[in-house]
Number of protein chains: 2
Amino acid sequence: MTKHEKSPRPDAAALALTGICMAHALRRATRVVSREYDAALARHGLTIGQFTLLAHIQRMTNPSVQAVADAMFMDQSAMSRGLRPLEKAGLVILRMDPADKRRRFLSVSDAGRIAFDAAAGDWQKVQSRLRDNLGSAEFDMLRKTLLTFERAEAE
Amino acid sequence: MTKHEKSPRPDAAALALTGICMAHALRRATRVVSREYDAALARHGLTIGQFTLLAHIQRMTNPSVQAVADAMFMDQSAMSRGLRPLEKAGLVILRMDPADKRRRFLSVSDAGRIAFDAAAGDWQKVQSRLRDNLGSAEFDMLRKTLLTFERAEAE
DNA sequence: GGCTATTAAATGCATATGCATTTAATATAT
DNA sequence: ATATATTAAATGCATATGCATTTAATAGCC
């Protein structure tokens, strides 16, 4: 039997996996949903990731890069880079901690607050639409369940 | 009042958003969960994204790039690039369609099937652990709900 | 004080992802 | 048949994300 032809093998694992893998379900839903929020926020020059990042920094008090990364269950290096566009756009301010020059204090600038507030209306539209589509009870349950996934602790 | 000081403004929108945004809940959970699958599959040289991609191609019959992208609710260009590492590793084969030279047929190579089968055991371990942690009923419900998010049709 | 361990953030490297555009090739209208 | 429209995949550009490592600076130990 030569290679790469018929391949009489409807692999059970492969068949099942496409339907049952939790990572796939999550990633796929994230792609679909992120695209919708991104489309709505595009006219404000923000992605949904940047929008939620602004929200997090706003509700924290002069957090460090690591602190925000922790709050969002994100890697420090990813956070470090994710801040770059917001910093360049002047929406977030990074100041060196005078007491510990390794650390930087993050804060949302006035421009950042303005941009956030302007985008919030469009965020709400998408959020409401999704909630209506899914049903409020199921929507809230889903969101709650998703937030139960905790970052695995490094032993 | 000078800029960037106290900022007496516990913005209601920002406060609420960090907790209720569906995109954030999804993205955060995806980060946490993907890291776990990735860690388990790393010794097979696969990411969870590549693993599920292999699963999808396997269960399709000589699909085109676009067809696989559609099946995974992914952009064609992202799929095009996502195939690269698998192709370089010889796990996926791209052949030109002789009847339409724009199109390429995708298929999983023997090496690809072997790698997939080898990784499947470790995939199962993570999947089972998560299911135990969340409870099988809630796990299955979550997965099912996530798969209800459909790609928004371009009108 | 001075050497070492630790820690915060940044970087190198790789994959993931989408939108707009380009390239190549097929399909269509005239 | 020929010019045009359409279509499949690839590319340019930008953000997103993680791991390992580097860089810079503080903390600890002797």
Side-chain angles (χ1 to χ4, degrees), chain A residues 23-24 26-39 41-43 45-53 63-70 72-89 94-106 151-152 154, chain B residues 23-24 26-39 41-43 45-53 63-70 72-89 94-106 151-152 154:
Chain A
H24 174 239
L26 277 167
R27 294 164 67 89
R28 189 182 108 169
T30 295
R31 284 193 293 268
V32 170
V33 171
S34 290
R35 267 187 298 232
E36 297 196 36
Y37 284 89
D38 278 344
L41 300 184
R43 72 192 190 83
L46 291 173
T47 64
I48 183 58
Q50 296 169 342
F51 182 74
T52 52
L53 176 49
S64 65
V65 172
Q66 181 68 64
V68 181
D70 285 346
M72 296 182 70
F73 292 11
M74 190 179 296
D75 191 82
Q76 169 267 313
S77 66
M79 178 57 63
S80 185
R81 269 188 271 250
L83 288 166
R84 222 71 67 85
L86 290 175
E87 191 188 5
K88 286 209 166 127
L94 284 147
R95 277 166 302 167
M96 184 179 66
D97 176 353
D100 184 342
K101 281 174 282 194
R102 289 171 302 183
R103 186 171 300 156
R104 334 236 147 194
F105 288 142
L106 301 183
R151 168 131 70 177
Chain B
H24 174 239
L26 277 166
R27 294 164 68 88
R28 189 183 109 169
T30 295
R31 284 194 293 268
V32 170
V33 171
S34 289
R35 267 188 297 234
E36 296 196 37
Y37 284 89
D38 278 344
L41 299 183
R43 72 191 190 84
L46 291 173
T47 64
I48 184 60
Q50 295 169 342
F51 182 74
T52 54
L53 175 50
S64 65
V65 172
Q66 181 69 63
V68 181
D70 286 345
M72 295 182 71
F73 293 9
M74 191 179 295
D75 190 83
Q76 169 268 313
S77 66
M79 178 57 64
S80 185
R81 270 189 268 252
L83 287 165
R84 223 69 70 81
L86 290 175
E87 191 188 7
K88 286 208 167 129
L94 283 147
R95 273 164 305 166
M96 184 178 66
D97 176 352
D100 183 343
K101 281 174 281 194
R102 292 171 299 183
R103 187 169 302 156
R104 327 228 154 203
F105 288 142
L106 303 183
R151 167 131 71 177

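The figures here come from the full heavy-atom set of this structure, side chains too, leaving out hydrogens, waters and symmetry mates. Remember, it's a predicted structure, so these values are computed and weren't measured experimentally.
Looking at A:Gln76, its side chain comes within 3.5 Å of the base of C:dA10 through a donor and an acceptor atom.
Phosphate contact (OP1/OP2 of D:dT11, side-chain N/O of B:Arg84, threshold under 4.0 Å): present. Remark: B:Ser34 is not in phosphate contact with D:dT17, judged by side-chain N or O atoms under 4.0 Å from OP1 or OP2. Remark: B:Ser80 is in phosphate contact with D:dA10, judged by side-chain N or O atoms under 4.0 Å from OP1 or OP2. For the OP1/OP2 pair of D:dT17 and a distance below 4.0 Å, the side-chain nitrogens and oxygens of B:Arg27 include at least one atom meeting the criterion. Phosphate proximity of C:dA9 to A:Arg104: absent, as no side-chain N or O sits under 4.0 Å from OP1 or OP2. The side chain of A:Arg102 places no N or O atom within less than 4.0 Å of a non-bridging phosphate oxygen (OP1 or OP2) of C:dA9.
With the nearest nucleotide of DNA chain C identified for both A:Leu83 and A:Arg31, A:Leu83 has the one nearer the 5' end. Between A:Pro63 and A:Arg81, the residue anchored nearer the 5' end of DNA chain C, judged by the nucleotide with its closest heavy atom, is A:Pro63. Place A:Asp100 and A:Gln50 on DNA chain D by their nearest nucleotides, and A:Gln50 ends up nearer the 5' end.
Out of C:dG18, C:dA8, D:dG18, the shortest distance to the side chain of B:Ala78 is found at C:dG18. Taking the side chain of B:Asp75 as heavy atoms from C-beta on, and the options C:dT15, C:dA25, C:dC19, the nearest nucleotide is C:dC19. Considering only the side chain of B:Ser64, D:dA9 comes nearest among D:dA16, C:dA25, D:dA9.
As a whole-Å value, the separation of B:Met96 CE from D:dA8 P is 16 Å. Straight-line distance from the CG atom of A:Leu41 to the P atom of C:dG18: 16 Å, rounded to whole Å. What separates CD of A:Gln66 from C1' of C:dT6 is a distance of 14 Å, to the nearest Å. A straight line from CG of B:Leu106 to C1' of D:dA8 spans 12 Å, rounded to a whole angstrom. The separation between A:Arg95 atom CZ and C:dA8 atom P is 19 Å, rounded to whole Å. Distance CZ (B:Arg28) to P (D:dT17): 13 Å, rounded to an integer number of Å. Rounded to an integer number of Å, the gap from CD of A:Glu36 to C1' of C:dC19 is 16 Å. B:Met74 places its CE atom 6 Å from the P atom of C:dG18, with the value rounded to the nearest Å.
Atom CD of A:Gln66 is separated from atom CG of A:Asp70 by 4.5 Å, given to the nearest 0.5 angstrom. Between atom CG of residue A:Leu26 and atom CD1 of residue B:Ile48 there is a gap of 10.5 Å, rounded to the nearest 0.5 Å.
Side-chain N/O atoms of A:Arg27 and B:Ser34 include a donor and acceptor closer than 3.5 Å.
A cation-pi contact links A:Arg28 to B:Phe73, judged by a cut-off of 6.0 Å to the six-membered ring centre and 45° from its axis.
The existence of a salt bridge linking B:Arg31 and A:Asp75 is excluded, since no basic side-chain nitrogen approaches an acidic carboxylate oxygen closer than 4.0 Å. A:Arg102 and A:Asp97 are not joined by a salt bridge, as no carboxylate oxygen comes within less than 4.0 angstrom of a charged side-chain nitrogen.
B:Ser77 comes within contact range of at least one nucleobase, with a heavy-atom separation under 4.0 Å.
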